[in-house]
Amino acid sequence: MSRAAGHGDDVAIRTSELGKRYGATVALAGLDLAVSAGEVYGYLGPNGAGKTTTIRLVLGLQRPSEGSAAVFGIDAWRDPVQAHRRVAFVAGEPMLWPALTGRESLEFLARLRGGVDEAYRGTLIDRFEFDARKRVRDYSKGNRQKIQLIAAFAARPDLLVLDEPTSGLDPLMEAAFRDTVAEARSAGQAVFLSSHILSEVEALCDRVGILREGRLVEEGTLADLRHLAARVVEATFDGPPPDLVLPDGVTSTPVGENAVRFDVRGPVGPLIDRLAGTGVVALVSREPSLEELFLAHYDRGRERVGTAG
Amino acid sequence: MWGQPARAVVRHALRGERVRLSVIALIAVLYTLANVIGYAQAYPTPASREQFARAFSDNIALRLFYGVPHDLTTVGGFFEFRAMGMLAILASAWALFAAIRALRGEEDAGCYELILSGVIGRGGAVVAVLAALAIECAVLFALLLVVLLVFAVAAGDMTTAQAAMVVAAIVGPAAAFAAVGALASQLAPTRRAAQAGAGIALAAAVFFRIVADIGHGIGWVRWITPIGWVEQVRPVTGARPAVLLLFAAAAPLVAAVAVAIARNRDLGASVLSRRATAPSRMTLLGSPAQAAVRGELPSLLAWLVGTGLFAFALGAFAHSVAEEMRKVSIRTYGLDIASAAGYLAAVFAIFAMVVALYAVSHVGGLRDEESSGRLETLFALPVPRRSWIGGRLLVAAGATIVLSLTVGFLAWAGSAVTSGGVGLGAMLTAGANCIAVSLLFLALGALLFAWLPRPSPGAAFGLVGVAFLWELVGALVGAPWWLLTISPFHHVTQAPLVAVDRRGTLVMLVVAAIAAAAAVERFARRDLQTG
């Protein structure tokens, strides 16, 4: 789309010390983010962690209490219109005009933007198997979500901000969504994807940020995060598990009667040495899934809160 | 039957209506006081009351507004004529729309699904909402009764039984129209359609009452609708309490039909269904303001037809009323209204209020876009906030001007059909005279929306209501002139009989422009408040 001349910043989203308070409640604090062109950034966090607040600040819908957010170098609050020429947004709750039909809605959203790639829009309508003849009030949530997705991707913006975009979609449509995001990435578009669906983030995202109580607690590629986290080793024994003296950096959790799960930080060798000759019948070693990483962060977070409070 | 789930639904419905109920109750109490105290102050002696009664007993225009007067020489008789019917219409309109909001409105919004997924049946949920409305009607009954007991019964102007009957005749039709609202919610597929259908039913009821009161020998028409029954009760001048039984029978009967339909229909379905697909029209989608025009047209048409018919009727009767006025040579509002133009000038104040109400109804439209989250969709696009709110305000202002001039034009057309004698230019002036005050309220409403988005739609209506009541009541209670001039309606002269208050009009327009500009700037700088 129209690249604003003079704003040569290639970073799609950059926030510095971004924060938002609602009265006494701190919704977001000290957020430093940078999302580059051609990158899919996964934004994770439980309900109320501040994901939607971040998006509202990045879109200039609300004024930061501290710090700033910029889109392609354009301040999100001071010059939202200029910034939005290069951005498309998909809200978690699809909010459209109930009296318009699907086709009218797509046309309205396209004209407000000043034109879209109509051929690609046709492709997307087919891909998402969208029937554009009904009125918005008669569509299911999933179908209203499709209107937003089609309108956003058809605009071919430099940045897509997606807030839990697949919450109403069935698995087939979710696959169509993943294809569409992959196309956007290969076209050099940046995608900021806030999501609860960890498998989706794992499949799509180059980098991941994890938000907890308004603060970014972890950020990096999935490989980085896995490197920091413990590797999982599950051992099944021919009888009750033996009492082992565990090497440093290894913790154990019983799994069922004859199995134990070990979380290993650092090399696996010392643990294997200890297990030798203990009657192991099966040994599985794998990297932690994103879900485990995510849950681990939250459990540690809770402990920290517990000790701090 | 009255388990915890049902009680929870009742409480939820009461909570959702408490602010609007308070506003309606306040207006009803003020109107009651204005009439009870106002009459006694304006006509303190028997002689003055006799003269007033002689002048107005046969006044056809007053019959059109209020009904047939039976005794205008007592506070009770005057109240029965002047306030009872008006308050009955007000309470009925409130109850009608409250029922639709709580039933079809909740269903449209998807909240009803949650209620029905609880341990409460489809019929039970409707019964619970109606029970909440019954409680609200009872509150209104008690409040108005106390006001009459303190200010009319204690002064010896009414007996306790008369006061109770008056209030029952006000609240009775409200109960009946609450049931009509519940029925419309089952018949119509959307909240808007239910409101339109039920609104037409109420308007028709008022229309039949008017026809019965101004026609000759067709008094039986009054028996057709609940608004006509109100007049038949005659609590003070003929005590026919048996008529009240009609309300007691009609409300449960209509409610039972509504409950029976609710019990047997699918969630989201309706008796009158609509097509699954609709043709797409691609005009007027180029900007939010264009889309606003598109969305606004049906509502503007409804206001044009409703208000326009009323203006046409007034115009048509103006000549004959003026003739009667000439016989008794009375001056009202210090004006010579013994000409058709003079009479129309005197009653045009009501249109200033109606057009102002229409103007502030747009504040609700602004807030609806925000609370529904649609503004987030819009402002994530390259749509400037200033151009959105500015465009919407211009559309609202344009529609307000169209309504004002149409009212003036149709009042002239009505008079031209019957007798003529009123100039088109004069009536267009009278219509244009409603514009400045209405735009002022629109701008003040926008200012409320910019600063206090959540309560702004109701507050904007309240502002118009309070200002209009103050203009009616202020002089009666002997308020000093500077307090009277606070109400913008004070600066709306009785054009065309009296010259338009050019300075006042100019001041109102300037204040409106400043308020609108302030609203635009404030809105551009504040956080969106969704939900």
Can you say whether B:Arg385 sits under 4.5 Å from chain A via the side chain, the backbone, both, or neither, judging by heavy atoms?
side chain
Tell me which of these, B:Leu375, B:Thr530, B:Leu378, has more heavy-atom pairs under 4.5 Å with chain A than the rest.
B:Leu378
Any chance you could measure B:Ser280, atom OG, to A:Arg135, atom CZ, to the nearest 0.5 Å?
8.5 Å
So, taking the atom named CZ in A:Arg85 and the one named CG in B:Leu381, what distance separates them when rounded to the nearest 0.5 Å?
11.0 Å
Which pairs of donor and acceptor atoms, one on a side chain in residues 59-70 of chain A, lie under 3.5 Å apart (sequence neighbours left out)?
from: A:Gln62; atom 1: OE1; to: A:Tyr22; atom 2: OH; distance (Å): 2.5
from: A:Gln62; atom 1: NE2; to: B:Leu528; atom 2: O; distance (Å): 3.3
from: A:Arg63; atom 1: NH2; to: B:Arg525; atom 2: O; distance (Å): 3.4
from: A:Ser65; atom 1: OG; to: A:Arg21; atom 2: N; distance (Å): 2.8

Nearest-0.5 Å distance that lies between atom CG in A:Leu112 and atom CZ in B:Phe379
10.5 Å
Non-neighbouring partners of B:Tyr358 that pass ring-ring contact (aromatic ring centres under 6.0 Å, His included), sequence neighbours left out
B:Trp303, B:His362
Return yes if some donor-acceptor pair links the side-chain N/O of A:His84 with the main-chain N/O of B:Val383 below 3.5 Å, else return no.
no
Part of B:Glu369 within contact of chain A (heavy atom distance under 4.5 Å)
side chain
Any residue of residues 283-293 of chain B which, by heavy atoms, sits under 4.5 Å from chain A
B:Leu285, B:Gly286, B:Ser287, B:Pro288, B:Ala291
Within residues 95-110 of chain A, which residues come under 4.5 Å of chain B, heavy atom to heavy atom?
A:Met95, A:Leu96, A:Trp97, A:Pro98, A:Leu100, A:Thr101, A:Arg103, A:Glu104, A:Glu107, A:Phe108, A:Leu109
Other residues, nucleotides, ligands: >12 heavy atoms within 6.0 Å of A:Arg78 CZ:
no
Heavy atoms from other residues, nucleotides or ligands near CZ of B:Arg192 exceed 12 (cutoff 6.0 Å):
no
Does A:Glu129 CD have over 12 foreign heavy atoms under 6.0 Å away?
no
Inspect the contact between B:Asp527 and A:Lys20 and indicate whether a charged nitrogen and a carboxylate oxygen are less than 4.0 angstrom apart.
yes
Is it true that, when you exclude A:Arg215 itself, more than 12 heavy atoms of the residues, nucleotides or ligands shown sit nearer than 6.0 Å to its CZ?
no
Taking atom CZ as the centre, does B:Arg522 end up with more than 12 heavy-atom neighbours from other residues, nucleotides or ligands that are less than 6.0 angstrom away?
yes
